Amino acid sequence: AHNIGVLRTAVTFQFNARRPETGGFEIVRRIKVRCGDGDLADLLKPSAPFQKRKRKLRRYGNDIAAIDGEQLPTQQRRFVVMLPMYEIPEAVRRLWRAGTVARALEEARGGLSPATYTTYFQQLLWLEEISMEFDITTFDMDGAVLIREGPFLALHVPGLAENRPSVMRGDFLIANPQDNPSKRFKGYAHRVERDRVLLKFHRDFHAAFIPNQRFDITFSFRRTPLRLMHHGLTLAAPIAPSLFPHASIQLGNGVAFPGIPGQGGASDLNAFNRRLNAEQRQAVCNIVQRSSLPLPYLIFGPPGTGKTVTLVLFPPFHTATESAAVCVLRHGSI
């Protein structure tokens with residue numbers, strides 16, 4: 001067969017009456033067509049009835065006492081300013097357990113303001129983290145076997161290829177030997193492949209590693225990205241009022257720009273590049289007029305529409321006494 005697989009579709013049978021005025025009727029039946037040879041069907045058929053994998057009940061959190069492993073080189077760097085932990089408050093966990101998250105968020109959204117901006121979005125981050133803690137338990141295993149592979153220990157992880165959820169480089173797991181329950185070892189994911197993870201534990205663990213030893217595995221993830229988001233929200237608190245514009249905002253003094261319809265008056269400003277389309281010239285005009293102050297002016301569009309050319313054109317309109325901050329997503333755009 002050239003098209004191997006399974007097709008599910010609907011077949012409609014239309015019955016028309018001999019006389020049009022009496023109308024007709026339809027019968028719809030759903031069918032499934034399976035195309036393939038016998039050998040392939042025998043290879044792919046299920047070996048046992050499907051049973052949804054039960055999640056292990058465990059205590060959430062990353063504060064498990066374990067012998068630390070070897071982190072990624074990038075994780076060993078230290079911040080110049082100590083980054084707070086931003087642990088999940090117990091009150092947020094109670095909301096999650098009680099199933100009242102949606103109602104609480106709806107009430108909070110109604111009162112979203114500059115004063116509640118940081119608190120509201122921090123709650124969203126904490127709820128997202130609780131969901132991540134719950135999702136990653138999908139990978140927890142009992143009686144798993146580690147395999148030595150060079151400087152790493154490899155662990156086969158069923159379901160990893162589907163990326164629902166996913167294990168990222170830098171995430172970690174706790175390996176608890178079944179023959180020694182009092183010992184716990186933390187291993188960090190240095191490489192994530194299609195269906196396995198390459199880990200590094202403490203050097204003593206690698207030195208004393210015994211092949212075919214069984215471990216109970218508990219997965220977790222590094223919280224640094226979430227902590228950075230929390231920190232960003234904390235830093236945004238002083239400027240939160242600018243995120244809620246209102247009609248009383250006073251815009252900057254306008255200046256005219258040649259070639260823009262509706263811009264009266266003459267201008268002493270000369271464009272550095274006259275080969276701009278109407279939208280690019282309008283964007284430059286809006287920037288020079290400070291039309292969005294005190295908010296930033298955003299330039300967006302699909303690739304090849306001239307965003308970079310517009311930004312390059314903007315600085316020549318500033319005098320030596322003025323300054324401007326231009327934010328781009330990639331260093332290559334600078």
Side-chain angles (χ1 to χ4, degrees), residues 54-66 71-72 74-75 77-140 159 162-174 186 188-189 192 218-249 292 294-296 298 300 325 327 329:
K54 295 182 178 180
R55 300 176 187 267
K56 293 178 59 179
L57 296 177
R58 63 170 179 171
R59 178 178 179 273
Y60 290 127
N62 296 339
D63 55 345
I64 303 173
Q71 301 183 22
L72 293 171
T74 54
Q75 292 178 289
R77 299 171 185 170
R78 294 293 178 260
F79 292 100
V80 176
V81 178
M82 183 60 67
L83 189 65
M85 293 303 297
Y86 297 105
E87 296 287 359
I88 302 175
E90 183 57 32
V92 177
R93 291 196 183 276
R94 284 198 298 268
L95 281 175
W96 177 274
R97 289 192 292 265
T100 58
V101 172
R103 180 169 55 84
L105 287 179
E106 193 61 35
E107 294 175 357
R109 189 181 295 114
L112 186 60
S113 66
T116 61
Y117 176 82
T118 298
T119 303
Y120 176 75
F121 284 101
Q122 280 191 325
Q123 292 230 4
L124 288 180
L125 282 177
W126 281 320
L127 292 171
E128 176 68 16
E129 184 175 354
I130 294 175
S131 179
M132 292 167 63
E133 289 177 345
F134 182 75
D135 289 342
I136 207 166
T137 61
T138 303
F139 296 131
D140 290 356
E162 285 79 11
N163 289 328
R164 295 192 301 267
S166 61
V167 176
M168 309 294 293
R169 290 180 70 245
D171 290 345
F172 66 90
L173 57 79
I174 303 297
K186 181 185 289 188
Y188 291 89
V192 180
T218 303
F219 280 86
S220 191
F221 52 87
R222 63 189 183 115
R223 300 184 63 249
T224 303
L226 293 166
R227 292 165 61 195
L228 288 171
M229 295 178 197
H230 280 287
H231 193 54
L233 286 171
T234 303
L235 296 177
I239 63 170
S242 66
L243 302 176
F244 294 81
H246 50 82
S248 63
I249 290 180
S292 62
L295 305 178
L298 302 180
F300 66 95
C327 178
L329 294 179

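Please read these numbers as outputs of a predicted model, since none were measured by experiment. Numbers here are sequence positions counted from 1.
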| task | State which residues pass salt bridge (charged side-chain N to carboxylate O under 4.0 Å, His left out) with Arg94; sequence neighbours excluded, sorted by chain then number. | result | none

Would you compute the distance between atom [atom1] of [X] and atom [atom2] of [Y] and round it to the nearest 0.5 angstrom?
X	Y	atom1	atom2	answer
Ser166	Phe139	OG	CZ	7.0 Å
Arg227	Leu83	CZ	CG	4.5 Å
Gln122	Leu226	CD	CG	11.5 Å
Glu129	Arg93	CD	CZ	7.0 Å
Gln71	Lys186	CD	NZ	7.5 Å
Thr234	Phe121	OG1	CZ	13.5 Å

Who pairs with [X] by side chain to side chain contact (heavy atoms under 4.5 Å, CB included), at least two apart in sequence or on another chain?
X	value
Pro89	Val92, Trp126
Glu128	Met132
Ala237	Thr118
Pro238	none

Write down the atom of [X], the atom of [Y], and the distance for their closest heavy-atom approach.
X	Y	result
Leu127	Trp96	O-CZ3, 4.0 Å
Met168	Ala189	O-CB, 3.8 Å
Tyr117	Leu233	CE2-CD2, 4.0 Å
Ala240	Pro114	CB-O, 3.5 Å
Asp140	Ile136	OD1-O, 3.9 Å

| Is Glu90 salt-bridged to Arg97, going by a charged N under 4.0 Å from an acidic O? | yes

Contact between [X] and [Y] at the side-chain level, heavy atoms closer than 4.5 Å - yes or no?
X	Y	value
Glu133	Phe221	yes
Val192	Asp171	no
Tyr86	His231	yes
Phe219	Thr138	no

| With no hydrogens and no angle check, is any side-chain donor or acceptor of Arg223 less than 3.5 Å from a backbone partner on Met85? | yes

